Q: 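Quick one: the structure is below, and I'll ask about it shortly.
Worth saying up front: this structure is predicted, and the values here are computed from it rather than measured. Note that ligands are numbered from 1 as they come in the structure, with each ligand's atoms numbered from 1 the same way. Along the sequence shown, the residues carry numbers beginning at 1.
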Amino acid sequence: MLLRLATRLLWPARCAACNAFVPEDKAFCQDCELSVSELEQACHGCGLPNTNDGRGGGRRCHGCRDKPMPFSRVWTVLAYGGATTQAILHLKHGRRRHLARPLGALLAPAVAAAINSGVNALCPVPLHPRRLRQRGFNQALDLLRVAERLARRPAARPLVIPDGLRRIRDTPALGWESPASRRRIVDGAFAVRRPEWAEGRRILLVDDVMTTGATLAECTRVLLRAGAAEVEVVALARVC
Ligand SMILES: [Zn+2]
Ligand SMILES: [Zn+2]
């Protein structure tokens with residue numbers, strides 16, 4: 001308790017986007033929150049807002065029914081943009097690693113839902129070792145650790161496999177590449193560190209941002225080849 005109080009005095013809660021003071025349980029200030037958009041009706045196949053009218057569409061959009069991605073379920077929390085983008089950029093490039101706490105808390109309900117639906121291993125999308133050295137941490141792992149702690153029953157054993165995957169090739173930032181060239185760029189970029197851990201598991205892959213899904217799809221293919229029973233993915237933000 002004392003330690004918590006001390007931490008709070010040293011680092012009072014700040015808005016993850018604009019750095020204004022906020023109540024301790026808030027990630028964003030009121031102004032920034034106006035630009036944060038939750039993806040409540042997202043498609044289970046691609047994580048994008050689902051524009052189906054529900055007639056025969058179920059929880060998947062038309063695109064996903066025609067051409068499904070390799071993962072069996074996508075959980076997305078926020079639309080990329082506005083204060084959400086600011087917060088993620090501060091976390092990744094602004095040396096504000098502590099933002100993983102409020103942002104990871106936003107991810108927790110999706111992680112809890114995935115665990116309740118039978119996921120039994122959680123694994124972050126890895127950074128290439130060179131990028132990890134530059135940044136000092138993998139933001140996806142930080143977000144995952146916070147979310148998992150909040151999502152897991154206290155007595156349950158931890159489900160995080162921090163180094164389940166590794167990035168064997170450093171890929172350039174995917175920027176504005178087309179979907180086809182994104183897939184080419186990430187092809188062969190990942191490997192399973194020890195295939196035994198993945199075998200028969202229902203895995204939840206975690207990343208901060210899902211753009212087209214090329215990176216998550218490639219990681220999924222690698223895990224399925226290693227014997228994973230099923231792979232679901234969760235991203236804090238989805239580029240829409
Ligand atoms: Zn703000
Ligand atoms: Zn879809």
Q: Report, as yes or no, whether the 6.0 Å neighbourhood of atom CZ on Arg183 holds more than 12 heavy atoms from other residues, nucleotides or ligands.
A: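 Not more than 12 within 6.0 Å, no.
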Q: Can you hop from Ile161 to Ile203 via hydrophobic side chains spaced under 4.5 Å?
A: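 Hydrophobic grouping puts Ile161 with Ile203.
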Q: Taking 2.8 Å as the upper limit, name the protein N, O or S atoms near the Zn ion (ligand 1).
A: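 Listed by chain and number, the atoms are Cys15 SG, Cys18 SG, Cys29 SG, Cys32 SG.
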Q: Determine, stepwise, if the pair His44 / Arg60 fulfils side chain to side chain donor-acceptor pair (under 3.5 Å).
A: CA-CA 5 Å; His44 286 189; Arg60 286 173 195 259; 5.5 Å; no
Q: Checking only N/O/S atoms, does Cys61 have one that is under 2.8 Å from the Zn ion (ligand 2)?
A: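 For Cys61, the answer is yes, given that an N, O or S atom comes within less than 2.8 Å of the Zn ion (ligand 2).
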Q: How long is the straight-line distance from CG of Asp163 back to CG of Asn138, given to the nearest 0.5 Å?
A: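 Those atoms lie 11.0 Å apart.
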Q: Taking Glu230 first and then Arg202, would you say they form a salt bridge - that is, a charged N and a carboxylate O separated by under 4.0 Å?
A: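 Salt bridge between Glu230 and Arg202, a charged N being under 4.0 Å from a carboxylate O: yes.
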Q: Given 3.5 Å as the limit, does a donor-acceptor pair link the side chain of Arg238 with the main chain of Pro49, or not?
A: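 Judged by distance alone, no pair lies under 3.5 Å.
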Q: Decide, counting backbone as well as side-chain atoms, whether Cys43 has an N, O or S atom less than 2.8 Å from the Zn ion (ligand 2).
A: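 Yes, since at least one N, O or S atom of Cys43 sits under 2.8 Å from the Zn ion (ligand 2).
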Q: Do you know the tightest heavy-atom contact between Ala83 and Phe28?
A: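 Looking at all heavy atoms of both residues, the shortest contact is O-CE2, 3.6 Å.
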